[in-house]
Amino acid sequence: MPSFRTGVVTAILSERTGLQRVEVGGEQAYVLTQLVGPVAVGDRVVMNTTAVDLGLGTGGWHVVHWNLARESWSQPGPGHIMKLRYTSLQVDTGAAEELAPFDAATRLAGAPVVVCGLHSQVACVAAAFKHAAPGRRLSYVMTDGGALPLALSDLVADLRAKSLLDATVTCGHAFGGDHEAVNLHSALQVAGAMTDADAVVVAMGPGVVGTGTGTGTTALEVATAIDAVSALGGRPVAVVRYSDADARERHRGVSHHTVTALGWARSRAIVAVPVGELHPDVGDHDIVPVDVPDMAPLLAARGLTVTTMGRGPDEDPGFFRYAGAAGVAAATLLG
C-alpha cells in the first residue's frame, strides 16, 4: 500500500520544464508540475514516500502528490486522450493521433530503430550514432516500461541540450515528450512522420522492473518493440546488455534480459557487437560486429556523465561498448 506524508517546502533545488526538485523538511522530493502544478518555498505539500520507505532505486527522492497551499489547480491539455487513466492523477495530454495530420499508413521505410532494454543505454546509442553520422537526426521513443514522466530523466534533458537527441515521443502511459502517442506502434509512426527522424531509439524511462524469473521484467518489451519495428518496415537493431562488473551472475556477461527478449522476438533483428568481443547466443538474429569508439572519452567530450547501476564507463566498459555498438550499427545502415 502507498505511504504519504506532509511537510513544508524549505528550498527549491532546481527547476526545468515539467519538473521541480525541492527540499521538504530536510528530505528531497520532486514535483511533476504537469500533474500537480509548481510549488514555492513555504507551501505545505503531501508527498508519496513509498519508494524511499521501501529502499527502492529512486535516489532518495519522494514524490509531491499535492500542494495543500492551493484549493484548486487546472491546466487544460490539448486533446481528450488521457494518460494515467482512472487514477487521481489522470492527465489530458492529448495525442498526436488526434491533434495533427496523422497517416495511419505511415511506414518506417527501412529506417534503423535501435531497441534498448535500459534507459542508460540511450546515451551511449545517441553519442555513438551522432559520432558516426553527424548531421543525421535521431528521435527517442520512450515507452512506459519504467518511469512514466519524461521530465524526470536528467539523461534526456542533457541529450537534448547537447543536440544528441532531436525529438522525443512518449507512448502508452509515459508522458511529457514533444509528441504524445497512444501506443508503441503509433509512436514509431509519429517519430517517422512528424520528427524528420533519420533513425529512432526506443527505450523505457529511468528504472527497470526485474525479478529472478526469465519473463518477470519490463525489459521483455524489447521483443515487442523489435516486432513492431519490423511490422512497420523499419530495421530493428537490438542493444546487448552486457556487464563486466555486475555482481549478479544473471547480468554478468550477456544479461539474461537480452537473451530472453531476443528469444521471444518473432522478427529478425540486427544484434550489434564490438569487433573482437563476445558474440552472444541470441538465436535467429543477425550478429553484426562494428568498430566502436572509446566510449569514456566520447561521452566526456560531450559533457555527459552516464552510469549503469552506479558504474561509469571506466568501471564497466563492456556495458558502454555494447550499447555504443548499436548506435554505430544504426549509423552504418544509413550509409
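Please read all numbers here as calculations on a predicted model, not as lab measurements.
Between Val22 and the choices Val39, Thr10, Leu13, the side chain to side chain contact (heavy atoms under 4.5 Å, CB included) rule is met once, by Val39.
Considering all non-hydrogen atoms of both residues, His131 and Leu298 come closest at ND1-CD1, 3.7 Å. Here the closest non-hydrogen pair linking Val201 and Cys116 is CG2-SG, 3.7 Å. Contact between Val141 and Ala191 at its shortest, heavy atoms only, is CG2-CB, 4.0 Å. What you find for Gln75 and Asp92 is that their closest heavy atoms are O-OD1, 4.3 Å. Taking all atoms of both residues into account, the shortest heavy-atom contact from Ala225 to Val115 is CB-CG1, 3.6 Å. Considering all non-hydrogen atoms of both residues, Leu220 and Ala261 come closest at CD1-CA, 3.8 Å.
No path of Ile, Leu, Val, Met, Phe, Trp and Tyr side chains, each step under 4.5 Å between heavy atoms, connects Val156 with Val169, placing them in separate hydrophobic clusters. Transitive grouping of hydrophobic side chains (ILVMFWY, heavy atoms separated by less than 4.5 Å) brings Met142 and Leu304 into a common cluster. Trp61 is connected to Val63 through a chain of hydrophobic side-chain contacts under 4.5 Å among Ile, Leu, Val, Met, Phe, Trp and Tyr, so both are in one cluster. Note on Val239: it does not cluster hydrophobically with Val209, by side-chain heavy-atom contacts below 4.5 Å among ILVMFWY residues. With hydrophobic clusters built from ILVMFWY side chains whose heavy atoms lie under 4.5 angstrom apart, Ile270 does not share a cluster with Ile226.
For Lys83 (side chain) and Gln90 (main-chain N/O), no donor-acceptor pair under 3.5 Å exists by modelled atom type. Under the 3.5 Å distance criterion, the side-chain polar atoms of Gln20 are left unmatched by any main-chain donor or acceptor of Tyr30. With hydrogens and angles disregarded, a donor-acceptor distance shorter than 3.5 Å links the side chain of Ser186 to the backbone of Asn183. Of the possible donor and acceptor atoms, one in the side chain of Gln121 sits under 3.5 Å from a partner among the backbone N and O of Leu118. A distance-only check finds no donor-acceptor pair linking the side chain of His285 to the backbone of Arg268 [under 3.5 Å]. Side-chain atoms of Arg266 never come within 3.5 Å of backbone atoms of Asp227 as a donor-acceptor pair (strictly under, hydrogens ignored). A side-chain donor-acceptor contact under 3.5 Å links Asp316 to the backbone of Asp244. The backbone N or O of Ala203 lies less than 3.5 Å from a partner atom in the side chain of Tyr140, making a donor-acceptor pair. Using modelled atom types, no side-chain atom of Thr195 and backbone atom of Ala167 make a donor-acceptor pair closer than 3.5 Å. In this structure a side-chain-to-backbone donor-acceptor pair under 3.5 Å is missing from His257 to Ala219.
Listed by first then second residue, pairs satisfying salt bridge (charged side-chain N to carboxylate O under 4.0 Å, His left out) with a partner in residues 197-211 read Arg136-Asp198, not counting sequence neighbours. For residues 156-204, there are no ring pair (Phe, Tyr, Trp, His ring centres under 6.0 Å) pairs, not counting sequence neighbours. Counting only residues at least two apart or on different chains, no salt bridge (charged side-chain N to carboxylate O under 4.0 Å, His left out) pair has a member in residues 290-305.
In this structure, Arg5 and Glu27 have side chains that are in contact, with non-hydrogen atoms separated by less than 4.5 Å. Considering only heavy atoms from C-beta on, Val24 stays 4.5 Å or farther from Val8 through its side chain. Here the side chains of Leu155 and Val306 are in contact, with some heavy-atom distance below 4.5 Å. When side chains are defined from C-beta on, Trp66 does not count as touching Val64, because their heavy atoms never get closer than 4.5 Å. Contact annotation: the side chain of Val200 never approaches that of Val114 to less than 4.5 Å [non-hydrogen atoms, C-beta and beyond]. No side-chain heavy atom of Val275 sits under 4.5 Å from any side-chain heavy atom of Val292. Looking only at side-chain heavy atoms (C-beta outward), Leu152 and Leu19 come within less than 4.5 Å of each other.
Salt-bridge annotation for Arg235 and Asp286: absent, with no side-chain N of the basic residue lying under 4.0 Å from a carboxylate O of the acidic one.
Going from atom CG of Asp314 over to atom CZ of Phe320 covers 9.0 Å, rounded to the nearest 0.5 Å. Ser3 contributes atom OG, which lies 7.0 Å from atom CG of Leu54 (distance to the nearest 0.5 angstrom). In this structure, CD on Gln28 lies 8.5 Å from CZ on Arg21, to the nearest 0.5 angstrom. To the nearest 0.5 angstrom, Asp196 atom CG is 5.5 Å from Arg137 atom CZ. The line from CG of Leu188 to CG of Leu108 is 6.0 Å long, rounded to the nearest 0.5 Å. To the nearest 0.5 Å, the span separating CG on Leu299 from OG1 on Thr307 amounts to 11.0 Å.
Evaluation of the ring pair (Phe, Tyr, Trp, His ring centres under 6.0 Å) rule for Tyr322 yields Tyr242 as partners, not counting sequence neighbours. Residues passing the ring pair (Phe, Tyr, Trp, His ring centres under 6.0 Å) test with His65 are Phe4, sequence neighbours excluded.
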### Query
Between Asp166 and Ser139, does a side chain to side chain donor-acceptor pair (under 3.5 Å) hold up when you go through it step by step?
CA-CA 5 Å; Asp166 298 289; Ser139 294; over 6 Å; no

Which pairs would a plain distance check flag for residues 328-335, meaning a side-chain donor or acceptor within less than 3.5 Å of a matching protein atom at least two apart in sequence or in another chain?
from, atom 1, to, atom 2, distance (Å)
Thr332, OG1, Val328, O, 2.8

